[in-house]
Amino acid sequence: MNIRFLGAHNFETHNSRFVCLLIDDMLAMDAGDLTSSLSLEAQQQLKAILLTHQHYDHIRDVPSIAVNLFFQGSTINMYSSKATYDTISGHLLNGKVYPKFLELPETNPTVKFIILEPYKPLQIEDYSVLAVPVNHNDSAFGYQITSPDGKTLFYTGDTGTGLAGCWQHISPQLLIIEVTAPDRYQDFAQATGHLTPCLLKKELTGFRELKGYLPAVFLVHMNPRLEKEIEAEIEVVAKVLNTPITLGHEGMQLHL
Ligand SMILES: [Zn+2]
Ligand SMILES: [Zn+2]
């Protein structure tokens with residue numbers, strides 16, 4: 001599996017982009033920054049988009065990918081919870097903000113939406129996909145993706161603490177998880193369903209106790225303004241846990 005970080009942050013600036021990961025050029029996870037990172041040809045190669053939840057920084061490019069594919073005569077499958085589907089169909093692709101690409105063109109609509117059930121494995125293209133609830137809003141999913149050659153990653157999307165239940169369902173070799181802010185924002189993080197380095201440490205400790213190992217850990221959703229502080233605190237966490245933890249960045253590519 002080839003994993004490209006198209007966006008790795010929760011704010012957008014000239015050099016930081018909203019969260020979006022691309023697997024083998026065909027499967028996107030979240031669509032915070034999809035169209036501005038991909039050529040029209042690359043957009044046409046996309047087969048599916050998995051959305052973790054309906055917050056703006058994760059769905060921002062859904063309308064733009066839809067309009068681009070509409071004019072290319074292509075289609076795309078999108079997968080998410082019912083709540084995310086409701087937000088996109090009711091508030092974005094609703095005929096007011098943007099055309100109803102879930103219904104247009106009538107013969108073969110550009111966007112085909114598939115509502116996912118948690119814990120129910122699904123085959124998407126050549127990949128086995130499992131949607132696992134995380135603790136962010138009432139309907140956020142993380143996704144475990146397994147390639148045909150048995151390589152497995154888990155992407156949490158946005159999540160707060162209390163992931164023990166989630167860990168029970170997954171066994172990834174690679175974990176892409178969020179850390180939004182440094183430890184001095186712990187109260188904010190807990191109130192809004194996000195992680196700080198210290199909170200991540202507890203979750204990873206829980207993972208190791210339950211599963212007997214730690215996967216390779218990469219971070220996304222960092223606040224660019226606070227990234228240096230996050231990085232310094234993560235370095236300490238990595239030392240304590242004796243495992244590498246890497247901050248993701250735009251343009252990063254991993255091979256699994
Ligand atoms: Zn969110
Ligand atoms: Zn977010």
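Counting starts at 1 for both ligands and their atoms, following the listed order.
Side-chain atoms of S74 do not come within 3.5 Å of backbone N or O of F70 as any donor-acceptor pair. Side chain of R208 to main chain of L241: a donor-acceptor pair is present (N/O by atom type, distance under 3.5 Å, no hydrogens or angles).
Taking the Zn ion (ligand 1) as reference, H55 places its N/O/S atom ND1 nearest. Nearest N/O/S atom of H136 with respect to the Zn ion (ligand 1) is recorded as NE2. For D57, the N, O or S atom with the smallest separation from the Zn ion (ligand 2) is OD2.
Between D158 atom OD2 and H58 atom NE2, the angle centred on the Zn ion (ligand 2) amounts to 90° (nearest 10°).
Aromatic ring centroids of Y119 and H169 lie under 6.0 Å apart. In summary, the aromatic rings of F207 and Y213 are positioned with their centroids under 6.0 Å apart.
Because the distance cut-off is set at 2.8 Å, H194 fails to qualify as a neighbour of the Zn ion (ligand 1), as none of its N, O or S atoms comes that close. Taking backbone and side-chain atoms together, E178 has no N/O/S atom less than 2.8 Å away from the Zn ion (ligand 2). Residue contact annotation: H221 places an N/O/S atom under 2.8 Å from the Zn ion (ligand 2).
Heavy atoms from other residues, nucleotides or ligands lying under 6.0 Å from NZ of K228 number 12 at most.
In this structure, F18 and E12 approach most closely via the heavy-atom pair CE2-N, 3.9 Å.
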